[in-house]
Visitor: 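Mind looking over this structure? Questions follow.
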Protein chains: 2
Amino acid sequence: MSEANDQRRRRVTIVDVAKHAGVSTAAASRVLRNAYGASESMRARVQASMEELDYRPHGPARGMRGRTFTIGVVVSDLENPFFSLITDGLSSLIRPKSYELFVSPGGFEVPPQKSVVEAMIDHHMDGLVLVAPPMSIAELEQIAMSIPLVVVGHHSQSPAFDTVAADDERGAQLVVDHLVGLGHRRIAFVMHADGRGDEARPESHRLHGFERAMSQHGLASDAIVVDSRWSLDGGGDAARQIDALDTPPTAVHAGADIVALGMMNELWAGGKSVPEAYSLVGYDNSSTSSLGPIWLTTVDQSGVEMGKRVGHLLIERIEGRSEARHEVFEPRLVVRGTTTRPA
Amino acid sequence: MSEANDQRRRRVTIVDVAKHAGVSTAAASRVLRNAYGASESMRARVQASMEELDYRPHGPARGMRGRTFTIGVVVSDLENPFFSLITDGLSSLIRPKSYELFVSPGGFEVPPQKSVVEAMIDHHMDGLVLVAPPMSIAELEQIAMSIPLVVVGHHSQSPAFDTVAADDERGAQLVVDHLVGLGHRRIAFVMHADGRGDEARPESHRLHGFERAMSQHGLASDAIVVDSRWSLDGGGDAARQIDALDTPPTAVHAGADIVALGMMNELWAGGKSVPEAYSLVGYDNSSTSSLGPIWLTTVDQSGVEMGKRVGHLLIERIEGRSEARHEVFEPRLVVRGTTTRPA
DNA sequence: TTGAAAGCGCTAACAC
DNA sequence: GTGTTAGCGCTTTCAA
């Protein structure tokens, strides 16, 4: 032990590994990256040294030249249960491939989300997942120029990035079919008004699905669309709007679980309840919707499966694919306690 | 324009900025970091160049020498609403200081959480926040050797890292006082059994608070402790255990909102409800607890405020403080509909 | 198949 | 107050 003992251990670097294994740093790097051009014997020797020295690659240094092995996920808020299903599926797929997942809440507006996205690009993440982003297609294509991108819950067919979404038109149709099957005719849909006009957004697809299904049942004139926001507060607002209607609906498709919860809240505050006031359907099959006292009829989007698919597509893109993929998942109706025959 | 136009724009680097402003890269770097040693005029000139060239620093390159300006947050799962309150408060404090927040779900077990923590260390995050970690104090101190660390919801007094927690003993006492005030005597507490023996964990403090408060009211022999897990399933399990008791309690402190929800679920499945079966209290004041049909009496931990405090402490640590701070927040009882006088 | 060496963009000594 | 320069730990030519 001729060398002095450092106060705090210096990090083990690839140079240490190479020295320990008696090879060049280039060789050690090739082994680390599973790259072409290393014999089996060398591979084994270097891996043994890495093991023995407890070597862990320095992220920023890798990022200077090659990949950082990080994947960024931007969501509006962390609380949305659908988002955590996506990240669960995603991480189960990418962690085994030694990518790390970093999630960042970007808010519901365009400017804060964009700056979070920029931060991820600046930190040289290898790929980016945007979940239900508020940005326009043009803005998303702009982002896709700097980083491999998969967008979840967006229905664009852009050639610049991949999308994974549930068939929202079909989902809305399942809801209407179910309600009409129970005998309802006058049915309302709560729309996230910000999304109007942007055909790529889920709310547009759910709205179209609702309107088309109502028409198919010959109920076009019984369809009511309530403009609000898809949030807890927006649900309360929608409930108040519906309450003020001259001829109120007997059933409501809230568009999203969070909206349905807000509506239940508002009804409850007024001493009313569901399904007595009207039948109510959500969308997302969030964990809250399955709680006994809530027991909300809703639409399931198989978020975990979607998350896995997202991981698969993103890794393909990171590894070089450049043609876009657009995948659509089949939604599934989950009938629970908030829908009954009309009085 | 003597230079050829690149196919895709090369990133603007600090060298470009320095050249454009007619200064050295060191000077540009000093301006970028707001570091000492740059005159007002130079500062202005460099900032103008950065603006004009739309310069954005290269994260990995900064990380090689100095800070990465990233803060990592490890939570068990993204879905827990208390966690998102913490991150909300945290990000509101650190983003203005140009730190970026990256959250990673680490699971409920020690091994996966540790590997997520290691990934964050390997990526040279400047600071780390662990929310309700399952690790032992020794393991946390180990981590704190490599990275500035603030632990949320942990009651250790370790000199190696900071902690921010609510006064869980006090919180449990508020619950007992409330229930006893309503006339309850036989009261159960649901314990997260994994935490038994680890005095640093919130569940231990809440248990002690419960037992002490019951003793103070002369009800030591009426106190029931049910061993389960603090999860939705664990709540169901606890409800079944309580149902099987010879002399069941008239009130239950579930220990955490998520447990109370699981219990309501189980009761609901059996055709019973709260507070008819027994009065029920949670802990966390999660957004679900305030939904009309749930309307759970609970304890509020002011998560957003705690998150802000966490950010403050972490930045202090990153900037050099080495003595530990241990901050305790006062909890607040939120009385809603699940607690009434005993029948 | 392997190694030597250049350099990624930035920061931190140190010199002026 | 300002500039020069030597790296940080890795990947990637390029030559052997």
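Letters A, B, ... are given to chains in the order of the sequence lines, protein chains preceding strands, and every chain is numbered from 1.
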Visitor: Determine: side-chain N/O of B:R62 to OP1/OP2 of C:dT11, distance under 4.0 Å, yes or no.
Guide: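 Indeed, a polar side-chain atom of B:R62 lies that close.
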Visitor: Is it the case that the side chains of B:R43 and B:S39 hold a donor-acceptor pair, with the cut-off being a distance below 3.5 Å and no angle test?
Guide: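 No - no donor-acceptor pair under 3.5 Å links their side chains.
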Visitor: Give a yes/no on whether any side-chain N or O of B:S24 is located under 4.0 angstrom from OP1 or OP2 of D:dT4.
Guide: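 No, no such contact exists.
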Visitor: Have a look at B:D122 and tell me which of A:R11, A:H58, A:R62 forms a side chain to side chain donor-acceptor pair (under 3.5 Å) with it.
Guide: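 The option that passes is A:R11.
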Visitor: Considering only C:dT11, C:dG3, D:dT11, which nucleotide approaches the side chain of B:R65 most closely?
Guide: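 The nucleotide sitting nearest to the side chain is C:dT11.
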Visitor: Considering heavy-atom distances to DNA chain C, does A:M42 or B:Y55 have its closest nucleotide positioned more toward the 5' end?
Guide: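 That would be A:M42.
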Visitor: Could you state the atom-to-atom distance from NE2 of B:H58 to C1' of D:dG9 in whole Å?
Guide: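 Interatomic distance, NE2 of B:H58 to C1' of D:dG9: 14 Å.
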Visitor: Indicate whether the side chain of B:H124 and that of B:T68 have a donor and an acceptor atom separated by less than 3.5 Å.
Guide: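 B:H124 vs B:T68: no donor-acceptor pair found between side chains.
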Visitor: So what does B:A38 hit on the nucleic acid, given a heavy-atom distance under 4.0 Å: a base, only sugar-phosphate, or nothing?
Guide: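 Touches sugar-phosphate only.
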Visitor: For A:E141 and A:S158, test the side chains for any donor-to-acceptor distance below 3.5 angstrom and give the result as yes or no.
Guide: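 Yes, because at least one side-chain N or O of A:E141 sits under 3.5 Å from a partner of the opposite role on A:S158.
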Visitor: Would you mind telling me which of D:dG1, D:dG9, C:dT2 lies closest to the side-chain atoms of A:S39?
Guide: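 From the listed options, C:dT2 comes nearest.
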Visitor: Contact class for B:T13 vs. all strands (heavy atom < 4.0 Å): base, sugar-phosphate, or nothing?
Guide: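 It contacts sugar-phosphate atoms only.
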Visitor: Measure NZ/B:K19 against P/D:dG3 and give the value in whole Å, please.
Guide: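 Rounded to the whole Å, the gap is 14 Å.
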Visitor: With heavy atoms under 4.0 Å as the rule, sort A:P60 into base, sugar-phosphate or nothing.
Guide: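 Contact class for A:P60: none.
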Visitor: Rounded to whole angstroms, how far apart are CE on B:M64 and P on D:dG7?
Guide: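 So the two atoms are 13 Å apart, to the nearest Å.
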Visitor: Think B:R33 has a side-chain N or O under 4.0 angstrom from the OP1 or OP2 of C:dC10?
Guide: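 No.
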Visitor: Between C:dC10 atom P and B:R56 atom CZ, what is the distance in whole Å?
Guide: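 My rounded result for the distance is 12 Å.
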Visitor: Relative to the ring of B:F102, is the ring of A:H123 parallel (under 30°), tilted (30 to 60°) or perpendicular (over 60°)?
Guide: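 Because their plane-to-plane angle is over 60°, the rings of A:H123 and B:F102 count as perpendicular.
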Visitor: Rounded to the nearest Å, what distance is computed from the CG atom of residue B:N34 to the P atom of nucleotide C:dT11?
Guide: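 So the two atoms are 12 Å apart, to the nearest Å.
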Visitor: To the side chain of A:A27, which of C:dG3, C:dG9, D:dT4 is closest?
Guide: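 Within the option list, the nearest is C:dG3.
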Visitor: Could you give the CG-to-C1' distance, from A:L32 to D:dT12, as a whole number of Å?
Guide: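 One finds 14 Å between C1' of D:dT12 and CG of A:L32, rounded.
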Visitor: Using the closest heavy atom to pick a nucleotide of DNA chain D for each, name whichever of B:A61 or B:R45 lands nearer the 5' end.
Guide: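 Upstream on the strand: B:R45.
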Visitor: Considering only side-chain heavy atoms of B:I14, which listed nucleotide, C:dT11, D:dT11, D:dG9, is closest?
Guide: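 The closest nucleotide is C:dT11.
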Visitor: Output yes when at least one side-chain N/O atom of B:Y36 is less than 4.0 Å from OP1 or OP2 of C:dA12, else no.
Guide: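 For B:Y36, the contact criterion (side-chain N or O under 4.0 Å from OP1 or OP2 of C:dA12) is not met.
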Visitor: Could you please name the option among C:dT11, C:dA13, C:dT1 that lies closest to any side-chain atom of B:R30?
Guide: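 In terms of side-chain proximity for B:R30, the closest of C:dT11, C:dA13, C:dT1 is C:dA13.
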Visitor: Side chains of A:Y36 and A:R30 only: does a donor on one sit below 3.5 Å from an acceptor on the other?
Guide: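 A:R30 and A:Y36 do not have a side-chain donor-acceptor pair below 3.5 Å.
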Visitor: Without decimals, in angstroms, what is the distance between A:R11 CZ and D:dC8 P?
Guide: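 Distance check: A:R11 CZ to D:dC8 P gives 14 Å.
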Visitor: Where the side chain of B:V23 is defined as all heavy atoms beyond and including C-beta, which of D:dG3, D:dT2, C:dT2 is the nearest nucleotide?
Guide: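 Of D:dG3, D:dT2, C:dT2, D:dG3 is nearest to the side chain of B:V23.
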Visitor: In whole angstrom, give the distance that lies between atom CE of B:M50 and atom P of C:dG9.
Guide: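 To the nearest whole Å, that distance equals 15 Å.
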